[in-house]
Amino acid sequence: MMNSKKLQRPYFQNTDALFLAKDLLGKVLFTHKNGELTAGIITETEAYFGTEDKASHAYGCRRTARTEAMYQPGGIAYIYLCYGMHYLLNIVVSENDDPKSVLIRSVQPFKGLSFIEERRKRSAAEPSVSSGPGSLSQALGIYLSFNKKPLTEDEIWIEDHGLRYRDDEIISAPRIGVSYAKEHALLPLRFYVKNNRFVTQKSK
DNA sequence: CTGGCGATTCTC
DNA sequence: AGAATCGCCAGA
């Protein structure tokens with residue numbers, strides 16, 4: 001390839017979670033493990049703005065073994081186990097010691113559909129195949145072993161295929177499942193592509 | 001050391 | 001509406 005489409009470090013570091021959460025819509029998330037190449041077009045994200053964000057694991061500068069990834073320089077994955085059974089994928093944003101991240105919530109299957117269908121036990125045309133952060137991780141084979149992986153390597157990365165959305169094609173809404181975040185719970189930090197079926201259906 | 005609780009999903 | 005399922009982390 002003449003021009004690599006793989007997004008590089010500066011794209012993740014020289015920005016903030018709010019901008020990136022919107023800009024990642026339409027980008028293509030790839031995973032390649034055990035010879036299985038799969039990818040999905042990012043259709044839904046949420047911004048977590050760091051130490052001041054009551055919904056963030058890094059709220060109040062909380063720094064533990066789990067949250068360590070977020071304190072690293074941007075451009076790596078932050079994966080954690082949620083509800084004891086789902087692996088959730090975040091993209092670490094910004095500089096060193098600035099724990100901001102973007103949660104990838106949904107993708108539209110793009111490559112390796114047979115692998116995705118095998119993992120999810122359903123058709124890749126079914127929106128539930130990769131909508132919602134837990135389902136998306138299962139569809140793309142994302143596990144804890146991806147935690148702290150640089151997106152510049154060849155197990156998990158993001159490509160720009162030129163797909164762009166206008167502002168009026170992007171819906172913003174409150175983040176899901178963060179009612180504990182009090183006054184930050186209703187901030188419109190969730191973004192998804194209008195009229196795309198591959199987004200979280202219910203919200204509470 | 002302990003116990004309450006999830007950035008969820010699926011079934012009943 | 002409830003279950004599944006287990007690591008995290010604040011508090012003792």
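All chains are named by letter (A, B, ...) in the order of the sequence lines, taking the proteins before the strands, and each is independently numbered beginning at 1.
When heavy atoms are screened at a 4.0 angstrom cut-off, A:S135 is found touching the sugar-phosphate backbone but no base atom. A:R122 comes within contact range of the sugar-phosphate backbone alone, with a heavy-atom separation under 4.0 Å but no base atom that close. Among the heavy atoms of the strands lying under 4.0 Å from A:L103 is at least one base atom, whether or not backbone atoms are also near.
In summary, A:D53 and A:R175 engage in a salt bridge, as defined by a charged side-chain N under 4.0 Å from a carboxylate O. Between A:K6 and A:E159 there is no salt bridge, since no side-chain N of the basic residue sits under 4.0 Å from a carboxylate O of the acidic one. Taking 4.0 Å as the cut-off between side-chain N and carboxylate O, A:D97 and A:R63 count as a salt-bridged pair. Using a 4.0 Å cut-off between charged side-chain N and carboxylate O, A:R120 and A:E126 make no salt bridge.
Protein atom CD1 of A:I176 is 16 Å distant from nucleotide atom P of B:dG6, rounded to whole Å. What separates OH of A:Y59 from P of B:dG6 is a distance of 15 Å, to the nearest Å. Distance, A:H57 NE2 to B:dG6 C1': 8 Å, rounded to whole Å. Atom OH in A:Y48 sits about 4 Å away from atom C1' in B:dA7, given to the nearest Å. Per the geometry, CZ belonging to A:R105 stands 11 Å off P belonging to B:dA7, to the nearest Å. For the pair A:R62 CZ and B:dG6 C1', the interatomic distance rounds to 11 Å; values are reported in whole Å. If you measure from atom CG of A:L144 to atom P of B:dA7, you get 15 Å, rounded to the nearest angstrom. Note: CE (A:M85) to P (B:dA7) measures 13 Å, nearest angstrom.
The phosphate of B:dG6 (OP1 or OP2) has no side-chain N or O of A:Y80 nearer than 4.0 angstrom.
With the 3.5 Å cutoff on both pairing distances, Watson-Crick and G-U pairs in DNA chain B assemble into runs of at least 3 at B:1-6 with C:6-11, B:8-11 with C:1-4.
Nucleotides of DNA chain C that come within less than 4.0 Å of any heavy atom of chain A span, from the 5' end to the 3' end, C:dA4 to C:dA10.
Neither side chain, A:T67 nor A:R62, offers a donor N or O lying under 3.5 Å from an acceptor on the other. Judged purely by distance below 3.5 Å, without hydrogens or angles, the side chains of A:R122 and A:S128 pair a donor atom with an acceptor atom.
Here the side chain of A:R120 is nearest to one of B:dT8, B:dC10, B:dA7, namely B:dC10. Picking from B:dA7, B:dT8, B:dC10 the nucleotide with the shortest atom distance to the side chain of A:H86 gives B:dT8.
Annotation: cation-pi geometry satisfied between A:K33 and A:F146 (NZ/CZ under 6.0 angstrom from ring centroid, within 45° of ring axis).
With values rounded to the nearest 0.5 angstrom, A:F30 atom CZ is found 13.0 Å from A:D154 atom CG.
Judged purely by atom type and a 3.5 angstrom limit, A:E46 uses its side chain to pair as donor or acceptor with the backbone of A:I176.
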